[in-house]
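Below: the structure, in structure tokens.
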Amino acid sequence: MIQTSEALTVRPMGVEDIPSVRSIDRVSFALPWPESSYQYELTGNRVSHMLVAQAEPASGPAVAGYIGFWLIVDEAHISTLAVHPDWRGRGVGRLLLRCALNLAVASGARLATLEVRHSNLAAIQLYHEFGFNVVGRRPRYYKDNNEDALLMTLDEIRDLADPSGGANG
């Protein structure tokens with residue numbers, strides 16, 4: 001699955017992308033995944049699907065962002081999503097989420113779930129745009145500061161037309 005939008009191409013993540021993805025991970029999260037987790041997601045986890053938004057060389061950092069989900073029976077669980085700081089606010093997260101949900105639908109998913117820090121208002125807004133609803137709370141879910149996670153669910157996913165008009169939407 002390859003999808004292009006302006007200066008970005010969304011494609012499956014490869015092991016060669018791990019250094020770039022880990023760099024984004026480190027500036028995005030208080031508890032970044034270790035390299036071994038990405039290796040496992042790409043080579044050992046049969047239910048994992050990992051995508052990157054690849055920028056054209058002159059457009060900024062080579063990997064603009066990434067997303068991962070696990071397909072468990074008919075549920076797509078969004079495991080991670082992050083955008084390089086240079087690309088934030090330009091629709092990259094929206095593009096990645098749309099591509100991941102479309103891939104999930106094509107793979108047989110009927111619903112999607114995720115956890116998000118209750119303080120991450122930008123992410124919560126993005127998920128609401130796609131129809132996710134808060135269905136629960138996981139107290140002290142994040143170990144760096146014991147922040148609660150909101151559990152969000154999209155009850156019926158379908159193939160999504162681009163709701164934003166592209167990566168800059």
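- Electrostatic pairing of Arg110 and Glu75 does not count as a salt bridge here, judged by no charged N lying under 4.0 Å from a carboxylate O.
- For the pair Arg138/Asp148, no side-chain contact is recorded, criterion being any heavy-atom separation below 4.5 Å from C-beta on.
- Between Phe132 and Thr153 the shortest side-chain heavy-atom distance does not fall below 4.5 Å.
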Before giving the answer on side chain to side chain contact (heavy atoms under 4.5 Å, CB included), spell out for His84 and Ile24 the whole-Å C-alpha distance, their side-chain angles and the decisive distance to 0.1 Å. CA-CA 5 Å; His84 190 285; Ile24 297 169; 3.9 Å; yes
Output, in order, the C-alpha distance, side-chain angles, deciding distance and verdict of side chain to side chain contact (heavy atoms under 4.5 Å, CB included) for Ser28 and Arg88. CA-CA 11 Å; Ser28 299; Arg88 291 181 186 159; 2.7 Å; yes
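- In plain terms, the two heavy atoms of Pro12 and Val52 that are nearest each other are O-CG2, 4.4 Å.
- Taken from CG in Asn45 to CE in Met50, the straight-line distance is 9.5 Å, to the nearest 0.5 Å.
- Taken to the nearest 0.5 Å, the CD atom of Glu115 stands 6.5 Å off from the OG1 atom of Thr113.
- Val21 and Leu42 fall within a single hydrophobic cluster, where Ile, Leu, Val, Met, Phe, Trp and Tyr are joined by side-chain heavy atoms under 4.5 Å apart, directly or via other members.
- How far CH2 of Trp87 is from CG of Leu8: 4.5 Å, rounded to the nearest 0.5 Å.
- The two atoms that bring Gln54 and Ala62 nearest to each other are NE2-O, 3.0 Å, heavy atoms only.
- Tyr66 and Val15 fall within a single hydrophobic cluster, where Ile, Leu, Val, Met, Phe, Trp and Tyr side chains are chained together by heavy-atom contacts under 4.5 Å.
- Evaluation of the salt bridge (charged side-chain N to carboxylate O under 4.0 Å, His left out) test over residues 16-27, restricted to residues two or more places apart or in two chains, returns Arg11-Asp17.
- At least one side-chain heavy atom of Leu96 sits under 4.5 Å from a side-chain heavy atom of Val92.
- A 4.5 Å side-chain heavy-atom check between Val116 and Met152 finds at least one atom pair inside the cut-off.
- Placement of Ile67 and Phe130 within a single hydrophobic cluster is found when ILVMFWY residues are connected by side-chain heavy-atom separations under 4.5 Å, directly or transitively.
- The CG atom of Asp74 sits 9.0 Å away from the CD1 atom of Ile157 when rounded to the nearest 0.5 Å.
- A donor-acceptor contact closer than 3.5 angstrom links the side chains of Asn145 and Arg117.
- Under the side chain to side chain contact (heavy atoms under 4.5 Å, CB included) test applied with Phe69, the options Leu81, Leu103, Leu114, Leu101 reduce to a single match, Leu103.
- Looking at His49 and Glu41, their side chains never bring a donor and an acceptor atom within 3.5 Å of each other.
- A salt bridge is absent between Glu147 and Arg140: the closest approach of a Lys/Arg side-chain nitrogen to an acidic carboxylate oxygen does not fall below 4.0 angstrom.
- The side-chain heavy atoms of Trp33 and Ser79, taken from C-beta on, include a pair separated by under 4.5 Å.
- Note: Arg94 CZ to Gln125 CD = 8.0 Å, rounded to the nearest 0.5 Å.
- The closest donor-acceptor contact from the side chain of Thr43 to the backbone of Gln39 lies under 3.5 Å.
- Residues Lys143 and Leu31 form a side-chain contact, since some pair of their non-hydrogen atoms from C-beta on lies under 4.5 Å apart.
- Ring geometry, Trp70 versus His77: the interplanar angle falls under 30°, so the pair is classed parallel (tilted spans 30 to 60°).
- In the hydrophobic clustering of this structure, Leu151 does not group with Leu154; members are Ile, Leu, Val, Met, Phe, Trp, Tyr whose side-chain heavy atoms approach within less than 4.5 Å, directly or through other members.
- Val135 and Leu97 fall into different hydrophobic clusters, where Ile, Leu, Val, Met, Phe, Trp and Tyr are joined by side-chain heavy atoms under 4.5 Å apart, directly or via other members.
- With contacts defined as side-chain heavy-atom distances shorter than 4.5 Å, the pair Tyr142/Phe29 does not qualify.
- Under the 3.5 Å distance criterion, the side-chain polar atoms of Ser23 are left unmatched by any main-chain donor or acceptor of Pro19.
- Minimum interatomic distance between Ala30 and Asp144 (heavy atoms only, all atoms of both residues): CB-OD2, 2.9 Å.
- Residues Asn102 and Arg98 are in side-chain contact: their nearest non-hydrogen atoms beyond the backbone lie under 4.5 Å apart.
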